[in-house]
Q: 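One structure is given below, represented as structure tokens, and several questions about it will come after.
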There are 2 protein chains.
Amino acid sequence: MKRQPTPDQLLLDQQLCFALYAASRSVTGLYRPLLEPLGLTYPQYLVMLVLWERDGLTVSELGQRLQLDSGTLTPLLKRLQGAGLVARQRRKEDERVVDIHLTDAGLALRDKASGIPECLAQCMQLSLDQMQTLRDELKRLTRQIQLSPSED
Amino acid sequence: MKRQPTPDQLLLDQQLCFALYAASRSVTGLYRPLLEPLGLTYPQYLVMLVLWERDGLTVSELGQRLQLDSGTLTPLLKRLQGAGLVARQRRKEDERVVDIHLTDAGLALRDKASGIPECLAQCMQLSLDQMQTLRDELKRLTRQIQLSPSED
DNA sequence: CAAAATTAAATTGTGTACAATTCAATTTTT
DNA sequence: AAAAATTGAATTGTACACAATTTAATTTTG
């Protein structure tokens, strides 16, 4: 009458997916107290990273870079606009497109964020080399996944 | 009058955090079509993995295992209950505690899920060894983060 | 034992994710 | 050029995450 034990492949601790999911949320949690003084959430910070790197992208270009769709980005960008960090403007030549530009305040915020990466590296207790290796493995995995899926 | 270029540490592609975040969402996306026939979302699947491994946990025990709080778990468990996969019951001896048990349907679902891990491994194109190594690095990172933070 | 403190879930509120639909603007076809 | 197809955002609806508060039950204290 004893139940079958769960097969090994279904054990939580065996799952790469859960290790990823847990690590991602943990790291986001590390950012939270660092971003709070800047008035940013973690996904908002990612948008700012992209814009600091190259200002004046469209919503869909931001979406390609971050792998997020307009259902996520539109309200997020409206909040950044509300915080005075970006401007959203429909393009004259093609009214379908919305260009996102940093405001002065948005650009200025970069300086306040510049210490964050080092702070994170400290907390994670990884050497620069370990960090790069792990990052590149994860990138490879992501690329692999985005290549293979159900071709239609 | 040219703007300063963004410092290297703030480049999106340099960020371990984004590699993690993107990889985690990609992997979740891989699960989606596999879980859909089972009527599960990815976080619901994680809850089921835990219960298949050990049935009859409390909400907070589930929370410890998955690092999720009642704000996430309570509605999620209600949906699993609505789907007939688990039962939620306040404990007689301590009415504060809610025990979560698999229903017969919930247990039976395990068989339908048993092929998923192998399917995932295929998609990710990683050897068993590579998967384990990456998984263990991520676990170490998560553990490290959860040890160090602001001690209060 | 009664008041205070603690505990476990649930609730509330904000902010993502993401599928699916809608809507308006532009291109492509005929 | 008008109809059809396509495109880019926005909207809608569902389901997490997670902080903060609330509620009820149990323990601990005085």
Side-chain angles (χ1 to χ4, degrees), chain A residues 17-18 21-33 35-36 39-48 57-64 66-83 86 88-100 149-150 152, chain B residues 17-18 21-33 35-36 39-48 57-64 66-83 86 88-100 149-150 152:
Chain A
C17 66
F18 178 63
Y21 169 80
S24 180
R25 287 191 300 123
S26 282
V27 170
T28 301
L30 267 185
Y31 275 93
R32 203 165 290 119
L35 293 176
E36 199 246 69
L40 293 176
T41 65
Y42 176 69
Q44 289 168 9
Y45 172 67
L46 293 180
V47 168
M48 295 302 287
L57 297 179
T58 68
V59 173
S60 59
E61 284 167 341
L62 277 168
Q64 282 167 34
L66 298 172
Q67 301 290 145
L68 293 170
D69 69 9
S70 68
T72 301
L73 285 175
T74 295
L76 186 158
L77 290 167
K78 284 182 179 175
R79 283 186 278 273
L80 287 180
Q81 181 180 38
V86 307
R88 297 161 62 245
Q89 186 159 334
R90 287 205 177 266
R91 187 179 292 177
K92 282 283 167 18
E93 316 89 272
D94 187 341
E95 296 259 6
R96 290 170 303 184
V97 177
V98 172
D99 287 312
I100 306 296
S150 50
D152 45 304
Chain B
C17 66
F18 177 63
Y21 169 81
S24 180
R25 286 190 302 121
S26 282
V27 170
T28 301
L30 267 186
Y31 275 93
R32 203 165 291 120
L35 292 176
E36 200 245 68
L40 294 175
T41 65
Y42 177 69
Q44 289 169 9
Y45 172 68
L46 293 179
V47 168
M48 295 302 285
L57 297 179
T58 68
V59 172
S60 59
E61 285 167 341
L62 277 169
Q64 283 167 34
L66 298 173
Q67 301 292 144
L68 293 170
D69 70 8
S70 68
T72 301
L73 286 175
T74 295
L76 187 158
L77 290 168
K78 284 181 178 176
R79 284 186 279 272
L80 287 180
Q81 182 181 37
V86 308
R88 298 161 61 245
Q89 186 159 335
R90 288 208 175 263
R91 188 180 291 177
K92 281 284 168 15
E93 316 90 271
D94 187 340
E95 296 260 6
R96 292 172 302 184
V97 177
V98 172
D99 288 311
I100 307 296
S150 50
D152 44 304

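Protein chains get the first letters and strands the later ones, always in sequence-line order, with residue 1 at the start of each.
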Q: How close or far is atom C1' of C:dT14 from atom CD of A:Glu36, stated in whole angstroms?
A: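 It works out to 14 Å between those atoms.
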Q: Atom CG of B:Asp94 to atom C1' of D:dA25: distance rounded to whole Å?
A: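 These atoms are roughly 7 Å apart.
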Q: Name the closest nucleotide to the A:Arg96 side chain, picking from D:dC16, D:dA25, C:dT26.
A: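 Of D:dC16, D:dA25, C:dT26, C:dT26 is nearest to the side chain of A:Arg96.
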Q: Is it the case that C:dA8 (base atoms only) and B:Ser60 (side chain only) share a donor and an acceptor within less than 3.5 Å, ignoring hydrogens and angles?
A: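 Per atom types, no contact qualifies.
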Q: For the side chain of A:Arg79 and the backbone of A:Gln44, is there at least one donor-acceptor N/O pair under 3.5 Å apart?
A: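 No, the answer is negative, given that no donor and acceptor are paired below the 3.5 Å cut-off.
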Q: Rounded to the nearest Å, what distance is computed from the CD atom of residue A:Gln67 to the C1' atom of nucleotide C:dT16?
A: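 Atom-to-atom, A:Gln67 to C:dT16, this comes out as 16 Å.
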Q: Closer than 4.0 Å, any side-chain N/O of B:Arg90 to the OP1 or OP2 of C:dA9?
A: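 No, B:Arg90 has no side-chain N/O under 4.0 Å of OP1/OP2 on C:dA9.
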Q: In terms of side-chain heavy atoms of A:Tyr21, which of C:dA19, D:dA17, C:dT6 is nearest?
A: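 That would be D:dA17.
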Q: State the CZ-CD distance between B:Arg91 and B:Gln89, to the nearest 0.5 angstrom.
A: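 Spacing of CZ (B:Arg91) from CD (B:Gln89) equals 11.0 Å.
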Q: Could you pick out which residue, B:Thr28 or A:Glu95, lies toward the 5' side of DNA chain C when each is mapped onto its nearest nucleotide?
A: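 Its nucleotide being nearer the 5' end, the pick is B:Thr28.
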Q: Pick base, sugar-phosphate or nothing for A:Leu73, based on heavy-atom distances below 4.0 Å to the nucleic acid.
A: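 Nothing: the residue A:Leu73, judged by heavy atoms under 4.0 Å, touches no strand.
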Q: Base, sugar-phosphate, or nothing: which does A:Glu61 touch, judged by heavy atoms less than 4.0 Å apart?
A: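 Answer is nothing: A:Glu61 stays at 4.0 Å or more from every strand.
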Q: Nearest nucleotide by nearest heavy atom, which residue falls closer to the 5' end of DNA chain C, B:Arg32 or B:Asp69?
A: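 Looking at the nearest nucleotide for each, B:Asp69 comes out on the 5' side.
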Q: When the distance from CD of B:Gln81 to C1' of C:dA9 is rounded to whole Å, what number comes out?
A: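 That distance rounds to 14 Å.
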Q: Provide, to the nearest angstrom, the distance between the CD1 atom belonging to A:Ile100 and the C1' atom belonging to D:dA10.
A: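 The distance from CD1 of A:Ile100 to C1' of D:dA10 comes to 12 Å, rounded to the nearest Å.
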Q: So which one's nearest nucleotide on DNA chain D is more toward 5', A:Gly29 or A:Leu77?
A: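 Comparing both residues, the 5'-ward one is A:Leu77.
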Q: Side chain of A:Val59 only, heavy atoms from C-beta on: which candidate in D:dA19, D:dA15, D:dA9 is closest?
A: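 Out of D:dA19, D:dA15, D:dA9, the nucleotide with an atom closest to A:Val59's side chain is D:dA9.
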Q: Assign the ring pair B:Tyr31 / B:Tyr45 to parallel, tilted or perpendicular, where the plane angle (0 to 90°) is split at 30° and 60°.
A: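 Ring orientation of B:Tyr31 relative to B:Tyr45: tilted.
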Q: Would you tell me if any nitrogen or oxygen in the side chain of B:Arg91 comes within less than 4.0 Å of OP1 or OP2 on C:dA9?
A: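 Checking B:Arg91 against C:dA9: no side-chain N or O falls below 4.0 Å of OP1 or OP2.
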Q: Any side-chain N or O of A:Thr74 under 4.0 Å from OP1/OP2 of D:dA10?
A: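 Yes, because at least one side-chain N or O of A:Thr74 sits under 4.0 Å from OP1 or OP2 of D:dA10.
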Q: Stepwise, does the side chain to side chain contact (heavy atoms under 4.5 Å, CB included) test hold for A:Thr74 with A:Lys78?
A: CA-CA 6 Å; A:Thr74 295; A:Lys78 284 182 179 175; 4.0 Å; yes
Q: Using atom CD of B:Glu93 as one end and atom P of C:dA8 as the other, report the distance to the nearest whole Å.
A: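 These atoms are roughly 14 Å apart.
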Q: Between atom NZ in A:Lys92 and atom C1' in C:dA25, what is the gap in whole Å?
A: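 Atom-to-atom, A:Lys92 to C:dA25, this comes out as 16 Å.
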Q: Grab the two heavy atoms, one from A:Val59 and one from A:Leu73, that are nearest each other, plus how far apart they are.
A: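 Here A:Val59 and A:Leu73 meet closest at O-CD1, 3.6 Å.
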Q: From the options D:dA10, D:dC16, D:dC18, select the nucleotide whose nearest atom is closest to the side chain of A:Val98.
A: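 Ranking D:dA10, D:dC16, D:dC18 by closest atom to the A:Val98 side chain puts D:dA10 first.
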Q: Does D:dT11 have its OP1 or OP2 closer than 4.0 Å to a side-chain nitrogen or oxygen of A:Ser70?
A: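 No, because none of the side-chain N or O atoms of A:Ser70 sits under 4.0 Å from OP1 or OP2 of D:dT11.
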Q: Could you tell me the separation between the CG atom of B:Leu62 and the OG1 atom of B:Thr72, rounded to the nearest 0.5 Å?
A: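 B:Leu62 atom CG to B:Thr72 atom OG1 measures 12.0 Å (nearest 0.5 Å).
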Q: Can a side chain N or O of A:Gln44 be found less than 4.0 Å away from OP1 or OP2 on C:dT16?
A: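 Yes, A:Gln44 has a side-chain N/O under 4.0 Å of OP1/OP2 on C:dT16.
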Q: Over how many whole Å does the gap from B:Leu80 atom CG to D:dA15 atom P extend?
A: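 Computing the B:Leu80:CG to D:dA15:P distance gives 11 Å.
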Q: Between A:Thr58 and A:Asp99, what is the shortest heavy-atom contact and its length?
A: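 Looking at all heavy atoms of both residues, the closest pair is CG2-OD1, 3.4 Å.
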Q: Using a cut-off of strictly less than 4.0 Å, decide whether A:Lys78 has a side-chain nitrogen or oxygen near OP1 or OP2 of D:dA9.
A: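 It does not, given that no N or O in the side chain of A:Lys78 lies less than 4.0 Å from OP1 or OP2 of D:dA9.
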Q: So does B:Arg88 get a side-chain nitrogen or oxygen closer than 4.0 Å to the phosphate oxygens (OP1/OP2) of C:dA9?
A: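 Result: no.
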Q: With a cut-off of less than 4.0 Å, is there a side-chain N or O of B:Thr41 near OP1 or OP2 of D:dC16?
A: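 True: B:Thr41 side-chain N/O within range (under 4.0 Å) of D:dC16 OP1/OP2.
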Q: Ignoring backbone atoms, establish whether A:Arg79 has a side-chain N or O less than 4.0 Å from OP1 or OP2 of C:dT14.
A: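 Negative; the distance criterion is not met.
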Q: Please determine if a side-chain N or O atom of B:Arg25 lies less than 4.0 Å away from the OP1 or OP2 oxygen of C:dC18.
A: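 Answer yes for this pair, as a side-chain N or O of B:Arg25 is under 4.0 Å from OP1 or OP2.
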